[in-house]
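Read through the structure below, which is laid out as C-alpha cells, and then see the notes.
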Amino acid sequence: FATVVASKAALGWTLNESVQHYGGPVRGPLLDKDGIGRTFYLFKVKSCSIGAFYLNGTISRVVYTQKTALEDSIFEAFLFGNAPEVVWIPLMDSIREWLGCTGKLQVKCWAQLNASRTTLVIATIEDYNAVRAAGGS
C-alpha cells in the first residue's frame, strides 16, 4: 500500500509537481492524437507506469498500468488519491466505469478500469468531454 501512495498522481498537478514525486519522465513530451491540446508524459515507478496528460498546464487525465490486476485496495487508493473530495458512483450500464461527483451531484471526474484490471484511467470531466467531442475515448 505504501507504494500506491508514493505512485499516485493527482489531477491538477503540474509537470514540475509530477517530476518532484517521480523523477524525470521516461517519455514525452508527446502531443496527444485527439487534437485537444494535451501533452503526454510517461513516468515509471516501482509498481506501475503512469501516463499523465496535461491540459492547460495541469494533469487532466492519468493512466495507471501495471502487469498484474489492481487489487481493490490499490484501485480505491488511486481513485480517492486523485479525487479525494468526490463520491465515486458506478455508471448503470457498466461494472468498470464511474463518475466522481460532489455532494451536490455535480460531476467532476470520470474513471474506467479495463477488463483485466491492469489499466485504470482517471480524468477530469473537462478532459473526458473534450476527448469525446474530438471522437476519442
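- Taking hydrophobic clusters as Ile, Leu, Val, Met, Phe, Trp and Tyr residues chained together by side-chain heavy-atom distances below 4.5 Å, Y64 shares a cluster with V45.
- The salt bridge (Lys or Arg N to Asp or Glu O under 4.0 Å) test with D127 is passed by exactly one of R61, R132, K108: R61.
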Checklist entry - Could you go step by step and tell me if D32 and F40 meet the side-chain contact (heavy atoms from CB on, under 4.5 Å) rule? => result CA-CA 6 Å; D32 75 292; F40 175 81; 5.6 Å; no

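- Between L113 and L70, the closest side-chain pair of non-hydrogen atoms falls below 4.5 Å.
- Contacts of R96 classified as salt bridge (charged side-chain N to carboxylate O under 4.0 Å, His left out), with partners at least two apart in sequence or in another chain: none.
- Note that the CD atom of Q66 and the CZ atom of F78 stand 6.5 Å from one another [nearest 0.5 Å].
- Between V107 and C101 the shortest heavy-atom distance is CG2-SG, 3.9 Å.
- There is no path of hydrophobic side-chain contacts, each under 4.5 Å, that joins I59 to L55.
- Residues N16 and V19 form no side-chain contact, since every pair of their non-hydrogen atoms from C-beta on lies 4.5 Å or further apart.
- Inter-residue side-chain proximity for Y41 and L30 is flagged as unmet; no heavy-atom pair is nearer than 4.5 Å.
- Taking the side chain as every heavy atom from C-beta outward, T118 and T68 never approach each other to under 4.5 Å.
- Scanning all heavy atoms of the two residues, the minimum distance from L11 to C109 falls at CD1-SG, 3.9 Å.
- Taking 4.5 Å as the limit, every side-chain heavy atom of V86 sits out of range of all side-chain heavy atoms of F80.
- The side-chain heavy atoms of P29 and Y54, taken from C-beta on, include no pair separated by under 4.5 Å.
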Next on the checklist: Does T65 form a side-chain contact (heavy atoms from CB on, under 4.5 Å) with C48? I'd like the steps, not just the answer.
Outcome noted: CA-CA 6 Å; T65 305; C48 66; 5.8 Å; no

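- Side-chain contact check for S116 and N114: at least one donor-acceptor pair (N or O, by modelled atom type) lies under 3.5 Å.
- In this structure, the side chain of R38 does not engage the main chain of F53 through any donor-acceptor pair within 3.5 Å.
- Cation-pi check for R117 over F75 is met; the charged atom lies under 6.0 angstrom from the ring centroid and within 45 degrees of its normal.
- Counting only heavy atoms from C-beta outward, the side chains of F43 and S49 never approach each other to under 4.5 Å.
- E76 places no side-chain N or O within donor-acceptor distance of the main-chain N or O of S73, the cut-off being under 3.5 Å.
- Cluster annotation: L15 and L31 are assigned to distinct hydrophobic clusters (Ile/Leu/Val/Met/Phe/Trp/Tyr, side-chain heavy-atom contacts under 4.5 Å, transitive).
- Contact record, L79 with W88: O-NE1, 3.6 Å, taken as the closest heavy-atom pair.
- Considering every non-hydrogen atom in both Y128 and A123, the closest pair reads N-CB, 4.5 Å.
- The neighbour count for E97 CD, taken as heavy atoms of other residues, nucleotides or ligands under 6.0 Å away, is above 12.
- Going from atom CD of Q112 over to atom CG of L91 covers 9.0 Å, rounded to the nearest 0.5 Å.
- Looking only at side-chain heavy atoms (C-beta outward), I50 and V63 stay at 4.5 Å or farther from each other.
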